[in-house]
Amino acid sequence: MADEVEIRQETDRGGAKLGFAPWADPAARPLVRFDAVTKRFGETRAVDALSLDIFPGEFFALLGPSGCGKSTLLRLLAGFEAPSEGRVLLDGTAIDAVPPHRRPVNMMFQNYALFPHLTVEGNVAFGLKQEGRPRAEIAARVAEMLALVKLAPLARRKPHELSGGQRQRVALARSLVKRPRVLLLDEPLAALDKQLRGETQFELMELQARLGTTFVIVTHDQEEAMTVAHRMGVMDRGRIVQVGTPAEVYEQPNSRYVASFVGDVNLIEGRLAAVGPSGLLIDSTVGAKLATNQRVEADVGATVWVTLRPEKLRVATAPPAANENCVSGHVAEIAYLGNVSLYKVRLDNGFMMKAQLPNLTRVVERPIGTNERVWLSWTPDAGVVLTG
Amino acid sequence: MRRGASSFNLAAVALGLAFLYLPMAILVIFSFNASRLVTVWGGWSTRWYAELFADGAMLESAGVSIRLAALSASIATMLGTLAAIALTRAGRFRGRTLFTGMVYAPLVMPEVITGLSLLLLFVALDLDRGFWTVTIAHTTLTMCFVAVVVQSRLVTFDRSLEEAAMDLGCPPGRTFLLITLPLIWPAVAAGWMLAFTLSLDDLVIASFTTGPGATTLPMRIYSQVRLGVKPEINAVCTLMIAVVTAMLVVFSLLSKQTRANSE
Ligand SMILES: Nc1ncnc2c1ncn2[C@@H]1O[C@H](COP(=O)(O)OP(=O)(O)OP(=O)(O)O)[C@@H](O)[C@H]1O
Ligand SMILES: [Mg+2]
C-alpha cells in the first residue's frame, strides 16, 4: 500500500505553451481590460467594481457558481450590456461607445443561438457576408473552417438535423470564422455528455494554440476551467476573488471560498498559537496541533483555517511517529471511484475528513475497511493557512 | 378523459353547430336554387352565379372590397408588427401599460364608436371620403389584431439569435430583415390574413367612413337586401363564405407553423 499520495493533474499545458506567462511580465500590454466595471440590474450588482486584464493569446477561464455574473461579464465585452460604471478597454482603447456589430469580438452563446432557417454553411458564412467579402473568399474560408471542426460533410444540413455535439461545432465555427481578436465562449460544453466534453476540451485547447486567438471561456465546472485555461478567475457575486494559473488557484487558494469551490478540500478551523522562524503552529478544533511552513498576515490568537486537499493526506493503520499534523478516527465511508478511492473518516470529535488514495492495484479487497481506525497525517507544506 | 361523449354532450354539440351553421348552409343551398323565389326550392342551378358575374355594380363593389382588404391589411401588418416589436422589446418604459392598453382597445371597442369617431375626424380634417378614408379606417381597426398575433410569436422568440447576428457584424436593422422576419413570417402572414378577412367582412365602419364611388361588397349586399332578397345575393354571399373560410384555414395553418417554429 502506498502511504504517500500525490495525484495532481499536470496543469502546465503542452511544450509549446511552457513559459507563456504575459501576466507576469510588467511590460506586456493586456488585450482586454476591465477597469473597475460595475453592472447593475435594478438592485442587483451582476458585476461589482471588477478589474481584470486578459492578455493576447491567452486562454482565460471565468469560473463561478450560477448567477455570479459570468455571462454578464462576457456580454459587457461583446457589447450587449453597457457598464453602469467603469470602462471596458480593448487594446488600450475604451470600447463602450462601439455597438456589438462593430466590435472585433465574437461570442459563442450558451444555447449556441444557431440560425434555424439557415444551413450549417449559411450559419458559418453569415458573419463574412456582413463584412461584404467576395463570394469566392467566403466559400473558401467557410470550407476551411468546416474542415477544421470536422463538419464538411454536414454543410447543407439545417441546425435541427444535427446532434448536440455537431451544433456546438457549428456555433464554434461560426464564431471563429471572422478571426476575432477575442473569442468569448459562454459555457460552450455544458450541453455535452461527459465523454464528449472531455474530447472537446482538448480540441478547444488545440484550436486555441493553433489559431493563437485569445479565448475567454465561462464555466461553472472547475475541472474544465483547470483543463483548458492558462489562467482562471474565480468569481463570487460579481467580483473576481482570485486570478491565477490553475496550479496557483488550486494549491494557493486565497480564501475559504476559493478553496472549497475549486476542488475537494478539508477545512480545519483553528487559533494561531505561535509564529516561529520556520512556520506557524495552530491549535485546531479537531484536537491536534497543526504545523505549517507558511506565513500569514495574522497575530497570535487570531482565528485561521487550514485547507488540506484530500489527496495530500497519508492514511495509515498505525500511529505515525510525529504527533503534529496527525489526526485519528474511524473510516465512515469509502467511495470507490475507479482510479481513486475517497475515504470519509469520522474523527473522534465527530469532524469529518476526506482522504483520497489511488487504487494502485487491481485488488477487490481494500487494504483499509469501513469502521477501521486510521491515522491521517500530512507534511507541513501540505496545508494552506487562510485568514478569511 | 377518453370516455365516450355522453348523448347529452353530443346533442349539445349538434345543436350548437346547427345554430351556427344552419343559416349559412341554407344560404349556400339556396344560392344554387333554380327558382326566382328565395324560399321555394326549384331544383339545382348555377344561373344566379352567371347573373352575378353579369352584374356590373356587384362586381365593382367586389373589386373595391378586395383592393381595400389587401391594401389595409398590408398597411396594418406593417404597423401592427412594429407595434408588437415595440411592446415586446422596448422593456419597461414609462407609460408602457397605457401604450399596451391603447393598442388593444380597438379590439373591444364597439365598431359604431370606431366608425363614428373616424367619421368625425375625417370631417374635421375636411378629407374627401371614399376609398382612402375606408382604407385608413380599416387599417386602424385591423392593426391591433395583427399586433396581437405577432406579439404572441415574439414573446417566445429567442433574443440570442438577434444578438448572435449583431455579434457577427450585422447592424440591427438588417438583423431584423435577415433573422427576425424570416423566423416570425408565419405569424406576420397570419396577421395579414386576419386583417384581410376582417376588412372584407366589415360593414359598420365602412358605412361610416366611405363616400361616393367606394361602395364595398357588404355595403352593396346590405343595400340590396333592404329592397328584398334576390337569389343573386345568396350566390355572392356563398363566394364570400368560401373566401373567408379559405383565409381562416390558411391562418390556422400558419398559426400552427408559428407554434412549431417557436419550439
Ligand atoms: N437582463 C437582466 N436583467 C436583470 N437581471 C439580470 C439580467 N441579466 C442578468 N441578471 C442578474 O445578474 C446576475 C448575474 O447573471 P449572469 O447571467 O451573469 O450569471 P451567470 O454567472 O452567467 O450564471 P449561470 O452560470 O447560471 O449562467 C444574476 O443575479 C441575474 O439574475
Ligand atoms: Mg451564464
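This one's a predicted model, so the numbers in the text were calculated from it and none came from an experiment. The sequence lines fix the lettering, A, B, ..., with proteins before strands; numbering per chain opens at 1.
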How about [atom1] on [X], more than 12 heavy atoms from neighbouring residues, nucleotides or ligands closer than 6.0 Å, or not?
X         : atom1 : value
Arg87(A)  : CZ    : no
Arg237(A) : CZ    : no
Tyr21(B)  : OH    : no
Arg33(A)  : CZ    : no
Arg40(A)  : CZ    : yes

Looking at Gly127(A), Pro104(A), Gly79(A), which has the largest count of heavy-atom pairs under 4.5 Å with chain B?
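Top option by heavy-atom pairs under 4.5 Å: Gly127(A).
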Is chain B contacted by the side chain of [X], its backbone, both, or neither, given a heavy-atom distance below 4.5 Å?
X         : answer
Arg174(A) : both
Val177(A) : neither
Phe115(A) : both
Leu128(A) : neither

Between [atom1] of [X] and [atom2] of [Y], what distance do you get to the nearest 0.5 Å?
X         : Y         : atom1 : atom2 : value
Asn111(A) : Asp158(B) : CG    : CG    : 5.0 Å
His101(A) : Thr175(B) : NE2   : OG1   : 8.0 Å
Phe126(A) : Ile179(B) : CZ    : CD1   : 4.0 Å
Cys170(B) : Glu131(A) : SG    : CD    : 12.0 Å

Between Glu163(B) and Phe80(A), what is the shortest heavy-atom contact and its length?
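The pair with the smallest heavy-atom distance is O-CZ, 3.2 Å.
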All pairs passing salt bridge (charged side-chain N to carboxylate O under 4.0 Å, His left out) where residues 103-125 of chain A contributes a residue, at least two apart:
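For residues 103-125 of chain A: Glu121(A)-Arg156(A).
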Chain A heavy atoms under 4.5 Å from Asp167(B): which part of the residue, side chain, backbone, both or neither?
both
Using heavy-atom distances under 4.5 Å, tell me whether Arg174(B) contacts chain A through its side chain, its backbone, both, or neither.
side chain
Less than 4.5 Å apart, any side-chain heavy atom of Pro116(A) and any of Leu161(B)?
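Yes; the side chains approach each other to less than 4.5 Å.
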Do Leu168(B) and Lys129(A) pass the side-chain contact (heavy atoms from CB on, under 4.5 Å) test, and can you show the C-alpha distance, the side-chain angles, and the key distance before you say yes or no?
CA-CA 9 Å; Leu168(B) 292 166; Lys129(A) 283 191 184 148; over 6 Å; no
Sequence-distant partners of Met102(B), side-chain contact (heavy atoms from CB on, under 4.5 Å), two or more places apart
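With neighbours one apart ignored, the set is Leu98(B).
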